[in-house]
Structures are given as C-alpha cells and as structure tokens.
Amino acid sequence: MLFAPCSTCSDAVGPMVTLMSEPVRVRIAPSPTGTVHLGLCRTALFNWATARRRGGKFILRIEDTDHDRSTAESEAAIVEGLRWLGLDWDEGPDVGGPYAPYRQSERIERHHERAGELLAAGHAYRCFCTRERLDALRAGQEERKETARYDGQCRDLEPDDVERRLAAGEPFAVRFRVPEGATTFDDLVRGTVTFAHAEVDDWVMVRQVGGPTYNFVVVCDDIDMRITEVLRGEEHLVNTPKQLLLYAAFGAPAPAFGHLPLMLGPNRKKLSKRHGDTALGDYRANGYPREAIVNFLCLQGWALDGATEVFDVATFVERFDPRDVQKAGAVFDFDKFKWLSGELIRRQPLALVAERCAPFVVAGGLATEGELRERARWFEQVVAGEQERILLYSDLPGRIAHFFAADEAVPYAADAEAGARKHAGRIETLAAFRAWLAAQDPAASAEVLGAGAKAFVAAAGLKLPALFQPLRCALTGMAGGRDLFDVVVLLGREHALARIEAAERRLA
RNA sequence: GGCCCGUUCGUCUAGUCAGGCCUAGGACACCAGGUUUUCAUCCUGGCGACAGGGGUUCGAAUCCCCUACGGGUCACCA
C-alpha cells in the first residue's frame, strides 16, 4: 500500500518505508550467570548480522530472572565481551531504548500483569499442588517408565474452591492451559516442524515463589519489544511450541524462529569446558585476534561460498541468511581455529599486529609498555619478522625473547646448539666472521650484509650452514627464524659482535 | 524411554529447496616434493566422504519410505 505524499514533509520517507518489508527486530537474550560462552557469541553474531543486513534493530536483553545465579559482573562481561568482538546493539540495558527496561528483573510487574490477563482469559490456571506432591508424582511416573508430566490436578478446579484457597493464603503457581491439537511452524533453518500438544506439559508460568519463568517472560518481552525474528540455539527447539501457544493466547503475531545447530565438542556433545576453552575470554587471553574469532564463528554452521574461508565481517553481514545455515551440529575444530588466527594476523597491518602483541610482550616480562613505546619503530621491525610465523599474538614473546636477553646469556635451545656444534670448525668460522662483520659499514643494510656474508662463506670455502647454524645459535639461540641479518641490524652491530664472541666460548 | 532434530572426506563444509553441469568441489589436519641459510610463509601433489536398505525415475548425494547411529529436550533453570 502507498501513502499519499505528505504536503509538509513530502520526501520519500513515507512511501520508502512502506515499500520495504517491515523492519526486522532481533535480539540476543543471555542470562548473566557465568563466562561469555562462544555459543552466545555466535548467536549474537548471527542475530546482529541479520539486523545489520536488513536495516533492522539488534537488541540486547539480559535474562536475569534467576536471581540466585545472575550477577552484575557477568552482565558487565557480556556487554564488554560482545563489544570487544565488534558487535553493537541499538537497544539494551546500557544504551536504553524505546522499550526499556532491558533487564528482565526490572520487568517483573509487567510479567505479572500479563500472567493476570491469561488467568482472566482462562488460558492459564492456578495450581496449588505442593512440591512434595509433584515430586511424588514424577517419581511414580519415572518408576512406571512413563513420561514425567503434570497430571492436571488443578486444571479444572471449581471457582469457589480457588477463591477459598486463595483466601486461606494457600501458595500457588500459575500454569499454562495447553489446548488439544498440535503446533506446526516453519523454522528458518529446519523447515516445517510439528509438535503434538499432548507432548507439551501444562508448564509453570509463574512459580509459587520466585516469580515468572523463562518460557513465559521471554515471550512477554519479545512481544513488548516487537521482536520479529528469533535465532537461537537448537536446545530451544522444544520450547517453541510452548512459546507459540503463548503468542496465540495473547493474540500477538509470532516472530519467525530459526534454530541454529549446536556447537559441539570433540565428543560430539554440546561444547563444554571439559573439552577445551569455551569462554570468549579464554581466546582473548590466549591471543586470538577478534577478527579470527568472528570469522571462525561465522564458519560454525554457515559457509560463504564453500570455498572462501577467510572473509571479513562486512562480507558476512552482506551475505548471511539464516536459511543457509547448516542443520547438523558442528564439531569445534581447534586446529582450524588456530590456523585461521594465523591467517588473519598475516593479513593485518604491521602496526596493528605490533599494537595487539605489545600487551603479551609486557606480560611476558620482556619490556615495559613505556619501553616499547619509546622504541616503537624498532619494535615494529621486530614484529615484522614474526608476523608470518605466529599463529597467536601470544606466540610473539617466546619468539623474540632473545632480543631482550643479555649478550653473554642468550638462552640456547637444545636443537639450535646441537645444530651449531655439528660443525667442527665453528669457533674459527665465528671468529673469522666476527672480524669480517666488525669491518663492515655499521649502517649496512641486512641485504648488503647478507650478500657479503655469502661471499665470505664462499671465499672461506665453506658450505652455508657451516656459518649460518652457529651464527643463528649465537645471535638468537634458536634453530629457525627470520633472516639473520635482520637480526644483526635490529640488535645493533655491537650487540651482534658481543653475542658472537660469547658463542665462541659457549660453543667450544 | 517419550518427543523433536539431524546424518557428504578424521574435522569444518559446497552441492540437497528447483534430480542430470558431481568419475562429489574447497578448507583444516596428515603425508610427499619444491622454494628458503634455517623456521614459518608460499607453491605442487597425495590420502580421504554422499550412514545402510528399499522405492520413484531414462537418470538420485539431491525426491519418498524404513532401519541404524548421533544429538537435543523432557524442572516451580535459562
């Protein structure tokens, strides 16, 4: 439908808006009960991409209805962690928005109000059953190998009876009255899914003590916040009929649902702490670039074109469609994650890599932040030689520690020293090379020194390793690594000479 | 156990909706070469999968059914 152009504000806004499909509103609704799990990050990423791609809104809502387990620290960690990944939200507890508050614990009154509506309309009923009775009921059902479910004892109490018990102050829970029939919905990821209502229990919406439960508040809030699409983990698939029934009871349009495949551990079960790190903070602390984390998370259940593995988040936003998401669970491949990390680091600008590595160098005790800043150009050159060799930012300190060592005490790795000692004439060769190096122009470049060194070796009638292996050990104490003359230049000639002289004693 | 979902190389996946373009493509890992003073990068090659069985069809990884296996979920947790 088209609107007649408004005379006072006649631009394209009116018609444009109506021509576009209704703006999508998606959300991520974590419970602040622990560390920021990678599964949450992926769900957030997919929802965020949905909103950004289609010009909609992405909302952060904190599900802290479990008072005992929810903490402010955890909420802060979620906000901080998701932002660190590069996600942003249009509405949330920290940024506000038109449907505030965005913390469920602050919406309790509204939930009670909504429960009252369902009670009044007969879609819900009060249940006076005690915990003991329910426990006994379940125990009996389990013993007879029956499906544990509520037996409907309070489903059709006489109104008088209810009044009397209320007046007597008997505590009650509110249960949803599940109707006969079945619920079918079109899952964005899985296609048509059907649940028979006989399988859906008359579940508790409001506890006797402790307030409204998840399945109830999530729907209340999603309705109030005008959520149009729900992308969440597959563990929620079985909750969907309960929630759809609630939308129907409220007479509210239901959002589209899409259930993402679970992220699995090597044991093919839900990724858990037992089989490696699951918290975003672990990867962050281990030196994974945020870009690699995002890229890898994209690859868990989704593929760009089946061939391109490395891509940026803008490309993901441009191309992501929940309908392309894989249905089967994805086993978390730690090796590939690490490979991707290295791949991303190699593509980053040198200055950025240096900046990201610096904290790890400081934490490794090699230098202070101030020292690195003072020698920023030098440090960048040090990083330059390692950029293509490290997989994680945290790999750097171990690889460049020798630059910070005392010349006479460069730690020699066993394989480096063994390689050096293979050469019988090593001491003489090193001494001769030291004399040669001392005679070179102190400002000579690595290229010039390298070419000169090769000529030196040839003139001495040696093979290249006869010089390079002992020399590499002398300068770096390592068996492999960057161009040796880069090391000489970075070290400064005096230090290089001192290290060679020390090696002449240490390798004797 | 009931219900629901799923099943392509060891792993992540393309191809499945619109059956022939698939003697099933890419990536990680692994193996073998090459490049490099060394290590890493990089290049080349190799290994390696449509869970099984029926059907529909001229033709099935793709559609249908059954079986097997795997996962999720069965709370007054979220």
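In what follows, chains carry the letters A, B, and so on, assigned in the order in which the sequence lines appear, proteins first and then strands, with residues in each chain numbered from 1.
- Residues A/N47 and A/T50 bring no donor and acceptor atom of their side chains to less than 3.5 Å of each other.
- For A/R149 and B/U73, the CZ to P distance is 18 Å, given to the nearest whole Å.
- Picking from B/A78, B/C76, B/G72 the nucleotide with the shortest atom distance to the side chain of A/K269 gives B/G72.
- For the C1' atoms, the distance from B/U7 to B/C12 is 15 Å, rounded to whole Å.
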Write out a two-atom table: protein N or O, nucleotide N or O from nucleotides 34-37 of chain B, distance below 3.5 Å.
from	atom 1	to	atom 2	distance (Å)
B/U37	OP1	A/K454	NZ	2.9
B/U37	O4	A/D483	OD1	2.7
B/U37	O4	A/L484	N	3.3

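- For the pair A/R356/A/R290, a side-chain contact is recorded, criterion being any heavy-atom separation below 4.5 Å from C-beta on.
- Taking the ring centroids of A/F296 and A/F334, they lie at or beyond the 6.0 Å cut-off.
- Side-chain proximity of A/A173 to the nucleotides B/A78, B/C76, B/C39 is greatest for B/C76.
- If you check every strand for non-hydrogen atoms under 4.0 Å, A/D335 touches sugar and phosphate atoms only.
- Straight-line distance from the NZ atom of A/K327 to the C1' atom of B/U8: 13 Å, rounded to whole Å.
- Contact annotation for A/G450: no contact, since no heavy-atom pair falls under 4.0 Å across all strands.
- In this structure, A/L340 reaches neither bases nor backbone, as no heavy-atom distance under 4.0 Å exists between it and the strands shown.
- Nucleotides of RNA chain B nearest to A/D324 and A/F332 differ in position, and the one nearer the 5' end is that of A/F332.
- Both distances falling under 3.5 Å, in either a Watson-Crick or a G-U wobble arrangement, place B/G70 opposite B/C5.
- Here the C1' atom of nucleotide B/A75 and the CG atom of A/D68 are 15 Å apart, to the nearest Å.
- As judged by a 4.0 angstrom heavy-atom cut-off over every strand, A/V206 is placed among residues making no nucleic acid contact.
- Side-chain N or O atoms of A/R268 include none that pairs as donor or acceptor with a backbone N or O of A/V331 at under 3.5 Å.
- Contact of A/R190 with B/C5 (side chain to base): no donor-acceptor pair of N or O atoms is detected under 3.5 Å.
- Applying the ring-ring contact (aromatic ring centres under 6.0 Å, His included) test to pairs two or more places apart or on separate chains, those with a residue in residues 190-222 of chain A are A/F176-A/W203, A/Y214-A/H236.
- With B/C4, B/G26, B/A40 as the candidates, the nucleotide lying closest to the side chain of A/E388 is B/A40.
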Quiz item: Stepwise, does the side chain to side chain donor-acceptor pair (under 3.5 Å) test hold for A/T65 with A/H111?
Solution: CA-CA 11 Å; A/T65 52; A/H111 302 144; over 6 Å; no
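- Minimum atom distance to the side chain of A/A330 is reached by B/U13, of the listed B/C76, B/A78, B/U13.
- A/V361 is listed as a side-chain neighbour of A/F379, based on a closest heavy-atom distance under 4.5 Å.
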Using the 3.5 Å cut-off, write out each protein N or O paired with an N or O of nucleotides 16-20 of chain B and the distance between them.
none

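- Around NZ of A/K463, the count of heavy atoms belonging to other residues, nucleotides or ligands within 6.0 Å does not exceed 12.
- For A/V331, whose side chain is taken as the heavy atoms from C-beta onward, the closest listed nucleotide among B/U11, B/C76, B/A78 is B/U11.
- Looking at heavy atoms from C-beta onward, A/Q387 lies in side-chain contact with A/I345 at the 4.5 angstrom threshold.
- A/H259 comes within 4.0 angstrom of nothing in the nucleic acid, heavy atoms only.
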Quiz prompt | A/R133 vs A/D151, salt bridge (charged side-chain N to carboxylate O under 4.0 Å, His left out): CA-CA, chis, key distance, verdict | solution = CA-CA 11 Å; A/R133 189 183 103 76; A/D151 63 356; 2.7 Å; yes
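- You'll find that the side chain of A/E343 is closest to B/C42, out of B/A78, B/U11, B/C42.
- Heavy-atom distances to RNA chain B give each of A/G191 and A/N215 a nearest nucleotide, and the one nearer the 5′ end belongs to A/G191.
- Residue A/R61 places none of its side-chain N or O atoms closer than 4.0 Å to OP1 or OP2 of B/A78.
- OP1 or OP2 of B/A27 has not a single side-chain nitrogen or oxygen of A/K336 nearer than 4.0 Å.
- B/C30 is paired with B/G46 under the criterion used here, namely a Watson-Crick or G-U wobble arrangement in which both key atom distances are under 3.5 Å.
- If you check distances only, the side chain of A/E234 never reaches the base of B/G6 with a donor-acceptor pair under 3.5 Å.
- Figure legend: cation-pi geometry between A/R42 and A/F46, with NZ or CZ positioned under 6.0 Å from the six-membered ring centre and within 45° of its axis.
- Shown here are the side chain to side chain contact (heavy atoms under 4.5 Å, CB included) partners of A/R506, two or more places apart in sequence or in another chain: A/V410, A/Y412, A/A502.
- Between the P atom of B/G26 and the CH2 atom of A/W302 lies a distance of 20 Å, rounded to the nearest Å.
- At the phosphate of B/C76, neither OP1 nor OP2 sits under 4.0 Å from any side-chain N or O atom of A/T213.
- Going from atom CD of A/E386 over to atom C1' of B/U41 covers 12 Å, rounded to whole Å.
- Using a 4.0 Å heavy-atom criterion, one finds that A/C129 contacts the bases of the nucleic acid, with or without backbone contacts as well.
- Counting non-hydrogen atoms under 4.0 angstrom, A/R138 reaches the backbone sugars and phosphates but no base.
- Results of the salt bridge (Lys or Arg N to Asp or Glu O under 4.0 Å) test with A/R177 over A/D202, A/D201, A/D156 single out A/D156 as the only residue that passes.
- Listed nucleotides: B/U73, B/C5, B/C76. Nearest to the side chain of A/K270: B/U73.
- Closest contact between the side chain of A/A303 and the listed nucleotides B/C5, B/U73, B/A14 involves B/A14.
- Using a 4.0 Å heavy-atom distance criterion, A/T65 is classed as a sugar-phosphate-only contact.
- A/G210 comes within 4.0 angstrom of nothing in the nucleic acid, heavy atoms only.
- Taking the side-chain hydrogen bond (donor to acceptor under 3.5 Å, both in side chains) definition, one finds that A/W89 meets it with A/D94, sequence neighbours left out.
- Using a 4.0 Å heavy-atom criterion, one finds that A/Q300 contacts the sugar-phosphate atoms exclusively.
- Using a 4.0 Å heavy-atom criterion, one finds that A/Q208 contacts the bases of the nucleic acid, with or without backbone contacts as well.
- For A/L262, counting side-chain heavy atoms from C-beta on, the closest listed nucleotide (B/C4, B/G71, B/C12) is B/G71.
- With B/A78, B/G26, B/A75 as the candidates, the nucleotide lying closest to the side chain of A/E309 is B/G26.
- Shown here, B/U36 forms no base pair; nothing in the strands shown gives a Watson-Crick or G-U wobble contact with both key distances under 3.5 Å.
- A heavy atom closer than 4.0 Å to some atom of RNA chain B occurs in A/T194, A/F195, A/E199, A/V204, these being the qualifying members of residues 194-205 of chain A.
- Checking the phosphate oxygens (OP1, OP2) of B/U11, a side-chain nitrogen or oxygen of A/R268 falls inside 4.0 Å.
- Here the side chains of A/P32 and A/I78 are in contact, with some heavy-atom distance below 4.5 Å.
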